Engineer: 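Structure provided below as structure tokens; questions to follow.
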Amino acid sequence: MPWHDHRQFIEVDTPRDFSFVEGLVYLGRSSLECMHRVKGGALYRRLRIDTWDLVVKIEMPGERLCVHFLNATPPQWARAEVAHTVWAMFDLGVEIDAFYELAEADPILRGLCRKYRGLRIVKMEDLFEALCWAIIGQQITLGFAYTMKRRLVETYGQRLVFGGEPYYLFPTPQALAPLAEEDLRVLQFSRSKAGYIIEIARRFDGGQLRQTDLADLEDYQELKARLMALKGVGPWTADYVILKCFRHRQAFPIADVGLQRALQIVLGRDNKPSLSEIRALAKPWTGWEAYAAFYLWRVLYD
DNA sequence: ATCCAGGAGTCCG
DNA sequence: CGGACTCATGGA
């Protein structure tokens with residue numbers, strides 16, 4: 001992961017077949033997103049690196065990703081950490097050639113991979129945030145999900161205003177662990193979702209649940225099982241979170257309504273494919289299911 | 001009112 | 001295990 005230091009900004013080398021623009025399309029897919037902003041071909045967001053609380057602008061004017069430090073000048077070790085974070089954020093370590101090779105032989109993926117070439121999974125670095133977001137998004141419209149997340153973030157996250165714009169850190173487990181269900185119900189969380197999220201916050205806070213422990217798990221099935229052991233985390237949430245947070249590329253949220261809608265569009269049908277149909281279609285995608293899902297979602301953002 | 005939305009838990013054979 | 005039923009909440 002080679003990077004170049006310029007003190008007030010860093011540059012990160014990028015592999016072939018990486019489209020920053022496609023990453024921005026994904027990140028900018030909803031105007032209701034509260035954790036970052038896409039503006040003028042750049043991504044603006046807050047980044048917590050140990051004790052360093054950074055506001056960064058990420059752009060790609062040339063062959064390298066460029067991360068500008070807007071509110072501080074972090075030390076060299078923290079800049080190195082930022083380079084690593086950005087590398088992971090855009091999944092730059094994945095050798096995507098194998099996926100494209102597989103896609104060329106697949107009637108569904110072929111067109112998608114040609115059209116959206118360079119699109120890589122945009123990751124979330126924080127497992128707790130990913131779990132909360134997935135649980136929030138269960139069985140409700142995305143618009144309402146964004147509203148719920150914004151309320152949670154505005155109420156329990158940490159706000160920083162820079163350049164007249166608000167930047168938030170997602171609520172920590174420590175911030176949510178002491179809550180009672182009613183505290184989230186007033187934000188229009190259902191009783192069950194409130195309970196799930198608070199319980200998971202307590203697991204993190206108590207140290208029984210640690211992202212690093214799960215990241216060490218080599219086996220996808222074991223990781224999925226560990227996530228599903230949490231109340232409120234079913235197959236869809238587990239796969240969604242693995243896709244967004246972990247390296248395992250087998251993750252495939254097959255029950256995802258968006259995925260089904262995307263397949264309906266790509267197949268040019270007037271109804272959504274059944275789970276068994278999707279299973280059959282996804283057979284050739286073995287080992288790259290997460291990328292297949294991410295590319296399919298992309299058709300929803302056009 | 002009715003159906004849907006980036007599901008999960010539970011129970012049953 | 002796979003299926004059926006229940007729960008839960010706002011939006012269109």
Side-chain angles (χ1 to χ4, degrees), chain A residues 25-35 112 119 121-124 127 129-153 155 180-201 203 209 221-222 224-246 250-267 269-282 285 289-302:
Chain A
V25 168
Y26 176 79
L27 288 162
R29 67 194 183 284
S30 173
S31 57
L32 302 173
E33 177 61 61
C34 63
M35 295 302 294
L112 296 176
L119 172 65
I121 292 179
V122 179
K123 300 281 189 176
M124 294 176 76
L127 174 59
E129 179 179 347
L131 280 167
C132 289
W133 172 232
I135 288 170
I136 287 172
Q138 289 169 2
Q139 198 61 15
I140 60 174
T141 60
L142 274 174
F144 182 50
Y146 279 113
T147 299
M148 285 173 72
K149 180 169 83 162
R150 181 175 46 73
R151 288 177 182 150
L152 183 71
V153 166
T155 308
E181 277 183 19
E182 303 80 67
D183 296 318
L184 294 182
R185 295 216 61 201
V186 300
L187 305 183
Q188 285 179 286
F189 282 60
S190 68
R191 198 181 307 281
S192 50
K193 285 186 184 180
Y196 299 154
I197 286 176
I198 291 169
E199 175 58 25
I200 289 173
R203 295 281 182 96
L209 187 54
Q221 294 296 348
E222 187 182 349
K224 185 170 176 178
R226 289 275 287 272
L227 290 168
M228 285 177 61
L230 300 166
K231 268 207 182 296
V233 179
W236 175 83
T237 303
D239 276 321
Y240 179 84
V241 163
I242 293 171
L243 185 158
K244 290 289 289 180
C245 265
F246 295 94
Q250 308 99 307
F252 192 57
I254 188 168
D256 184 79
V257 177
L259 189 66
Q260 296 165 11
R261 221 168 48 231
L263 276 168
Q264 176 182 342
I265 293 172
V266 172
L267 296 171
R269 293 174 29 164
D270 56 356
N271 59 351
K272 286 186 293 200
S274 67
L275 294 188
S276 57
E277 285 179 278
I278 298 179
R279 256 179 228 114
L281 293 170
W285 307 343
E289 291 91 336
Y291 263 81
F294 205 71
Y295 270 71
L296 280 163
W297 282 336
R298 175 62 180 81
V299 309
L300 305 174
Y301 312 140
D302 268 333

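Below, chains carry the letters A, B, ... as their sequence lines are ordered, and counting in each starts from 1. What you see is a predicted model, and the numbers here were worked out from it, not measured in a lab.
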Engineer: May I ask you to say what A/Q188 touches in the nucleic acid, namely base, sugar-phosphate or nothing, with a heavy-atom cut-off under 4.0 Å?
Structural biologist: sugar-phosphate
Engineer: With a 4.0 Å cut-off on heavy atoms, is A/R185 in touch with a base, just the backbone sugar-phosphate, or nothing at all?
Structural biologist: sugar-phosphate
Engineer: When you compare B/dA5 with C/dG3, how far apart are their C1' atoms, in angstrom units rounded to a whole number?
Structural biologist: 22 Å
Engineer: From the set B/dG9, B/dG7, C/dG11, return the single nucleotide nearest to any side-chain atom of A/Y196.
Structural biologist: B/dG9
Engineer: Can you name the closest pair of heavy atoms from A/Y291 and A/L119 and give their distance?
Structural biologist: CE2-O, 3.9 Å
Engineer: Compute whether any side-chain donor of one residue and acceptor of the other, for A/E33 and A/S30, lie under 3.5 angstrom apart.
Structural biologist: no
Engineer: Sort me out a list of protein N/O and nucleotides 2-5 of chain B N/O pairs below 3.5 Å, or just none if empty.
Structural biologist:
| from | atom 1 | to | atom 2 | distance (Å) |
| --- | --- | --- | --- | --- |
| B/dA5 | OP2 | A/K272 | NZ | 3.4 |
| B/dA5 | O3' | A/I140 | O | 3.4 |
| B/dA5 | N7 | A/Q139 | NE2 | 3.1 |
| B/dA5 | N1 | A/Q139 | O | 3.4 |
| B/dA5 | N3 | A/Q139 | O | 2.9 |

Engineer: Would you call the rings of A/W297 and A/F294 parallel, tilted or perpendicular, where under 30° means parallel and over 60° means perpendicular?
Structural biologist: perpendicular
Engineer: When you check the phosphate oxygens OP1 and OP2 of B/dA8, does a side-chain N or O of A/T237 lie under 4.0 Å from one of them?
Structural biologist: yes
Engineer: Could you tell me if the side chain of A/K123 sits less than 4.5 Å from the side chain of A/K244, heavy atoms only?
Structural biologist: no
Engineer: Hey, does A/K193 reach any base, or is it just sugar-phosphate, or nothing, if we go heavy atoms under 4.0 Å?
Structural biologist: nothing
Engineer: Once you round it to whole Å, what is the distance between P of B/dG9 and CE of A/M228?
Structural biologist: 7 Å
Engineer: With DNA chain B as reference, determine whether A/V233 or A/D256 sits nearer its 5' end, using the nearest nucleotide of each.
Structural biologist: A/D256
Engineer: Once you apply a heavy-atom cut-off of 4.0 Å, does A/L230 come out as touching a base, just sugar-phosphate, or nothing?
Structural biologist: sugar-phosphate
Engineer: What dot-bracket string describes DNA chain C from 5' to 3', counting Watson-Crick and G-U wobble pairs whose defining distances are under 3.5 Å, with [ ] for crossing pairs and | for pairs to another strand?
Structural biologist: |||||||.||||
Engineer: So A/P253, base contact, sugar-phosphate only, or nothing? Heavy-atom distance under 4.0 Å.
Structural biologist: nothing
Engineer: Show me the side-chain donor-acceptor pairs of residues 225-238 of chain A shorter than 3.5 Å, one per line, residues at least two apart or across chains.
Structural biologist:
| from | atom 1 | to | atom 2 | distance (Å) |
| --- | --- | --- | --- | --- |
| A/W236 | NE1 | A/D256 | OD1 | 2.9 |
| A/T237 | OG1 | A/Q138 | NE2 | 2.8 |

Engineer: Taking CZ in A/R191 as the centre, count heavy atoms belonging to other residues, nucleotides or ligands within less than 6.0 Å. Is the count above 12?
Structural biologist: no
Engineer: Quick one: does A/L300's side chain get under 4.5 Å of A/I265's, heavy atoms only?
Structural biologist: yes
Engineer: Rounded to the nearest Å, what distance is computed from the CZ atom of residue A/F144 to the P atom of nucleotide C/dG10?
Structural biologist: 6 Å
Engineer: Can the ring centres of A/Y146 and A/W133 be said to be less than 6.0 Å apart?
Structural biologist: yes
Engineer: Can you see which heavy atom on A/M148 is nearest to which on A/K193, and at what distance?
Structural biologist: CE-CD, 4.4 Å
Engineer: I need the CZ-P distance between A/F189 and C/dG10, as an integer number of Å.
Structural biologist: 12 Å
